[in-house]
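Following: one structure in structure tokens, then a few remarks.
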Amino acid sequence: MITATVCTIGDEILIGQITDTNSPVIARELGKAGVMVRRMLSVGDDYRAISDVLSASLGESDVVIVTGGLGPTKDDVTRKVLYDLSGSTGYVTDERQLAVIHRILASRGLDVLEVNRRQADVPDGCGVIPNRLGTAPVMTVRFPEERFGHKAVLYSLPGVPFEAAGAMPDVVKDILDSFSLSRITHKTIMTFGIAESALAAKISGWEDSLPPSVHLAYLPDPLKGVALRMSVYGGDEDADALLEKETVRLRAILGDAVYAEEEKTLQQVIGELLDNSGETISTAESCTGGMVASLLTSVPGASGYFLGSVVSYAVSVKENVLGVPAEIVERYGVVSSQCVAAMAEGVRRLTGSDFSVATSGVAGPGGGTDDTPVGLVWVGLSSAKRTETVKFNFRNDRIRNMERFAASALDAMRKFILSETVY
């Protein structure tokens with residue numbers, strides 16, 4: 001099994017100024033190729049720290065991928081570390097990357113300065129994979145077996161996320177050309193509505209009975225639910241059949257809590273359901289502030305089924321735009337089953353959609369009462385056939401509550417659309 005370490009470089013990561021989004025993308029692409037990621041690390045812009053971390057990582061892993069520290073500014077030290085690790089004696093200009101630099105800057109109407117040209121200069125002990133999306137090249141250093149006790153390759157990628165992601169196909173191709181890789185088979189089951197601890201208890205018997213070759217990981221996300229990823233490392237074609245068999249067993253336990261058998265979001269699944277039926281949807285939102293609509297429209301092709309949204313934060317908008325009767329607000333309040341039902345019906349009439357979903361709740365941190373505590377949300381679901389409501393309770397901060405409100409509304413709508421087939 002070929003192993004890898006992913007290392008991000010930059011003080012801005014360690015102080016929390018930015019979030020490392022490169023490592024998950026890199027790890028995902030490596031896993032698809034059959035490379036097992038053993039470790040993810042972050043290190044600041046310090047020469048000795050970078051050198052020590054990379055040397056140790058090369059001793060442990062066959063492949064080390066680094067992101068960051070390749071910009072045009074003088075404080076970037078990754079290039080200096082690569083110079084010494086590779087035993088370089090000078091710098092050479094990579095004409096392919098220089099051509100990319102000229103093209104990119106020309107497209108922006110900018111002159112090519114010396115500081116820009118310098119990015120095409122690489123240590124002469126390094127190889128280069130041209131970065132077609134940015135000015136800093138991908139540099140490679142290949143180490144013979146006697147250096148670290150095994151053959152090892154270091155890849156240094158730019159830190160800009162879309163550039164790092166764009167470079168991965170070329171990096172993976174180089175890894176495949178350099179190593180003989182074992183097969184890794186993954187199967188991801190997306191679930192929603194069951195907390196991770198409750199899910200683990202519910203499927204404990206199934207998990208205990210998994211064959212030793214099947215590795216299970218729990219991957220929770222507030223907007224996606226809990227993904228269950230089964231993996232078989234080094235398996236042959238029988239691994240696919242094995243994972244399919246276990247998926248059938250798992251579905252029998254979890255029922256409609258499973259919403260996909262691959263890495264998908266709730267909004268993608270809803271989009272597929274509506275695409276297949278030719279039906280449409282609209283939203284009326286209070287506490288989620290348009291988040292449900294934003295998630296739905298984040299899916300390419302959403303214009304084919306998403307008609308519109310009303311963010312009815314104020315009572316006056318609920319009454320005057322959505323047509324919620326004033327007596328409902330006076331008698332039951334805006335955070336109520338009756339109010340979200342009227343909101344859902346109102347936006348469906350307003351837009352002419354086949355389905356609608358409405359939300360009203362208390363995201364916090366203030367505004368809660370004994371009857372409507374912080375974390376309470378009502379979701380209204382409406383179609384031409386019927387209107388239903390469902391209540392959820394969470395105990396999180398404001399942003400996390402809003403995320404859980406929106407995701408729960410989407411999952412409720414998913415089930416509502418599916419149930420229409422039995423009416």
Side-chain angles (χ1 to χ4, degrees), residues 193 222-223 266-267 270 279-298 302 305-417:
L223 291 176
L266 288 162
Q267 56 266 28
I270 289 174
E279 293 171 306
T280 56
I281 191 170
S282 61
T283 70
E285 304 181 56
S286 184
C287 57
T288 48
M291 189 178 293
V292 178
S294 177
L295 290 169
L296 286 169
T297 56
S298 69
Y305 52 81
F306 183 82
L307 297 189
S309 176
V310 175
V311 180
S312 54
Y313 225 65
V315 172
S316 59
V317 178
K318 292 180 177 69
E319 294 178 349
N320 299 330
V321 178
L322 294 176
V324 177
E327 54 267 29
I328 283 183
V329 175
E330 292 170 3
R331 181 174 181 181
Y332 301 104
V334 293
V335 183
S336 64
S337 171
Q338 293 81 359
C339 184
V340 291
M343 289 169 64
E345 291 171 352
V347 78
R348 188 170 57 80
R349 287 193 304 267
L350 188 65
T351 62
S353 63
D354 298 295
F355 294 100
S356 64
V357 55
T359 60
S360 187
V362 186
T369 67
D370 290 340
D371 294 330
T372 57
V374 170
L376 168 69
V377 62
W378 278 97
V379 175
L381 310 158
S382 183
S383 71
K385 298 178 181 178
R386 71 198 200 280
T387 296
E388 295 181 357
T389 62
V390 60
K391 180 173 69 172
F392 300 96
N393 286 281
F394 300 102
R395 296 289 185 271
N396 299 289
D397 60 36
R398 181 177 181 83
I399 299 302
R400 184 56 62 88
N401 274 337
M402 291 176 68
E403 290 176 340
R404 292 193 180 279
F405 290 175
S408 296
L410 288 176
D411 189 56
M413 177 50 70
R414 171 185 70 90
K415 294 175 180 176
F416 188 79
I417 295 172

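FYI, side chains are in, hydrogens and waters are out, and symmetry mates aren't considered; it's all heavy atoms of this structure.
Considering CG of Leu376 and SG of Cys287, their distance stands at 9.0 Å, rounded to 0.5 Å. Considering OG of Ser408 and CE of Met413, their distance stands at 13.5 Å, rounded to 0.5 Å. Expressed to the nearest 0.5 Å, how far OG of Ser337 lies from CD1 of Ile328 amounts to 9.5 Å. Atom NZ of Lys415 is separated from atom CG of Leu381 by 11.0 Å, given to the nearest 0.5 angstrom. Atom CZ in Phe355 sits 8.0 Å away from atom CD1 in Ile281 (nearest 0.5 Å). Glu327 CD to Glu319 CD: the interatomic distance, rounded to the nearest 0.5 Å, is 9.0 Å.
A salt bridge does not link Arg348 to Glu345: none of the charged side-chain nitrogens sits closer than 4.0 Å to a carboxylate oxygen.
With hydrogens and angles ignored, the 3.5 Å screen pairs no side-chain donor or acceptor of Glu388 with any backbone N or O of Phe416. When atom types are taken as modelled, the side chain of Arg398 and the backbone of Pro365 share no donor-acceptor pair closer than 3.5 angstrom. A donor-acceptor contact shorter than 3.5 Å is absent between the side chain of Asn396 and the backbone of Asn401. Side-chain N or O atoms of Thr297 include one that pairs as donor or acceptor with a backbone N or O of Ala293 at under 3.5 Å. No side-chain donor-acceptor contact under 3.5 Å links Thr288 to the backbone of Met291.
Contact check for Thr283 versus Val347: no side-chain heavy atoms found under the 4.5 Å cut-off. Side-chain atoms of Leu350 and Ser282, non-hydrogen and from C-beta on, never get closer than 4.5 Å to each other. Annotation: side chain of Arg404 is not in contact with side chain of Phe392 (no heavy-atom distance under 4.5 Å). With contacts defined as side-chain heavy-atom distances shorter than 4.5 Å, the pair Arg414/Asp411 qualifies.
Under the rule for a side chain to side chain contact (heavy atoms under 4.5 Å, CB included), the partners of Leu307 that lie at least two apart in sequence or sit in another chain are Thr280, Thr351, Ser353.
Of all heavy-atom pairs spanning Ala341 and Thr387, the tightest one is CB-CG2, 3.9 Å. When all heavy atoms of Lys318 and Met343 are compared, the closest pair comes out as CE-SD, 4.0 Å. Across Thr359 and Ala409, no two heavy atoms sit closer than the pair CG2-CB, 3.8 Å. Among all heavy-atom pairs drawn from Val340 and Trp378, the shortest one is CG1-O, 3.4 Å. Shown here for Phe306 and Ser309, the closest heavy-atom pair between the two residues is CZ-CB, 4.0 Å. Shown here for Val329 and Val315, the closest heavy-atom pair between the two residues is CG1-CG1, 4.0 Å.
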query = Can Val334 and Ser286 be said to form a side-chain contact (heavy atoms from CB on, under 4.5 Å), step by step?
reply = CA-CA 9 Å; Val334 293; Ser286 184; over 6 Å; no
query = Which is it for Val324 and Cys339 under the side-chain contact (heavy atoms from CB on, under 4.5 Å) test, yes or no, and what are the steps along the way?
reply = CA-CA 7 Å; Val324 177; Cys339 184; 4.3 Å; yes
inquiry  = For a side-chain contact (heavy atoms from CB on, under 4.5 Å) check, start with the C-alpha distance between Leu410 and Leu296, then their side-chain angles and the critical distance, and finish with the verdict.
reply    = CA-CA 9 Å; Leu410 288 176; Leu296 286 169; 3.7 Å; yes
